[in-house]
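First up is the structure itself, then whatever we jot down about it.
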Amino acid sequence: MAIAHADRRRQPSAAEPVALKLLVAGGFGVGKTTLVGTVSEIRPLRTEEALSEVGRPVDDLAGVEGKRTTTVAMDFGRITLREDLVLYLFGTPGQDRFWFLWDELAQGALGAVVLADTRRLQDCFAAVDYFERRGIPFTVAVNCFDGVQLHAPEMVTEALDLDPGVPVVLCDARERESAKQVLITVVEHAAAMAAGRRAPAAT
């Protein structure tokens, strides 16, 4: 009887949530630190330093004249999308001189967000090229800054010469639900690409 009583009291152990790694990339001053901080349920780790006169010749502030700091290593945050799914977010530095960190940050990444500013769309070319060459699924998220003309996703796809299957979404990196929807789009796109790779070829 004691054994039977113990069996009735035993509770099934909860399954460990799946943890996935996503990168948040893009050009200088596009809003990567803001997006990670907006959605993170923990206090985000930031490695920001004040902009200096020494960096002025190489840090193009056109369109982001009010920017006073820059990420020199990475941003880090975490968000639970579902009870069984946790995303770890790694924001990459935007300037060329910190690109040596990208290969380390990209290790084991499920996918990436390429954050874009249509006033400086050329700044995200390098990130798009990086993920295309490495076969890492990515979504382009156009950060809609106040007072900036909006462009249809189709126009951004054409301007960046993206493959037809790459999602392009509009977002506000300051708004949690908007930024969260970007992450959901990346996860769904990466899952669809993985399923496509597993599917047997048609005969």
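FYI, the numbering just counts along the sequence from 1. Atom set for the values below is all heavy atoms of this structure, side chains included, hydrogens, waters and symmetry mates excluded.
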So, do [X] and [Y] sit near enough that their side-chain heavy atoms are less than 4.5 Å apart?
X      : Y      : value
Val187 : Leu87  : yes
Leu121 : Asp117 : no
Pro93  : Leu105 : yes
Phe28  : Arg120 : yes
Leu101 : Met74  : no
Leu23  : Phe131 : yes
Val24  : Phe90  : no
Leu162 : Val168 : yes

* Counting heavy atoms not belonging to Glu132, are there more than 12 under 6.0 Å from its CD? -> yes

* Crowded around Glu41 CD? As in, over 12 foreign heavy atoms under 6.0 Å? -> yes

* **Sole candidate of Leu150, Leu170, Val148 that passes side chain to side chain contact (heavy atoms under 4.5 Å, CB included) when paired with Val142** => Leu170

* Asked: Have Thr33 and Asp75 got a donor and an acceptor in their side chains that come within less than 3.5 Å?
  -> yes

* Answer yes if the side chains of Thr38 and Glu175 hold a donor-acceptor pair under 3.5 Å, and no otherwise. => no

Closest approach of [X] to [Y] (non-hydrogen atoms, all atoms of both residues):
X      : Y      : result
Gly26  : Thr92  : N-OG1, 4.3 Å
Lys21  : Glu104 : NZ-O, 4.0 Å
Asp103 : Tyr130 : OD1-OH, 2.6 Å
Ala112 : Leu22  : N-CD2, 4.5 Å
Pro167 : Phe138 : CD-O, 3.7 Å
Pro137 : Met193 : CB-SD, 3.6 Å

Check whether [X] and [Y] end up in the same hydrophobic cluster, where Ile, Leu, Val, Met, Phe, Trp and Tyr are linked by side-chain heavy atoms less than 4.5 Å apart.
X      : Y      : result
Ile79  : Ile184 : yes
Ile136 : Val140 : yes
Val18  : Leu183 : yes
Leu85  : Leu89  : yes
Leu45  : Trp102 : yes

Output the distance between atom [atom1] ([X]) and atom [atom2] ([Y]), rounded to the nearest 0.5 Å.
X      : Y      : atom1 : atom2 : value
Cys171 : Glu177 : SG    : CD    : 13.0 Å
Gln149 : Arg119 : CD    : CZ    : 12.0 Å
Leu35  : Asn143 : CG    : CG    : 7.5 Å
Thr118 : Asp123 : OG1   : CG    : 11.5 Å
Thr157 : Asp163 : OG1   : CG    : 10.0 Å

* To do: Carefully, step by step, assess Cys124 and Val30 under the rule side-chain contact (heavy atoms from CB on, under 4.5 Å).
  => CA-CA 9 Å; Cys124 70; Val30 77; over 6 Å; no

* **Donor-acceptor contact present, side-chain Ser40 to main-chain Ile42, <3.5 Å** => yes

* Asked: Can any side-chain N or O of Lys32 pair as donor or acceptor with the backbone N or O of Val113 at less than 3.5 Å?
  -> no

* Pair Asp146 + Arg174: basic N to acidic O under 4.0 Å -> yes

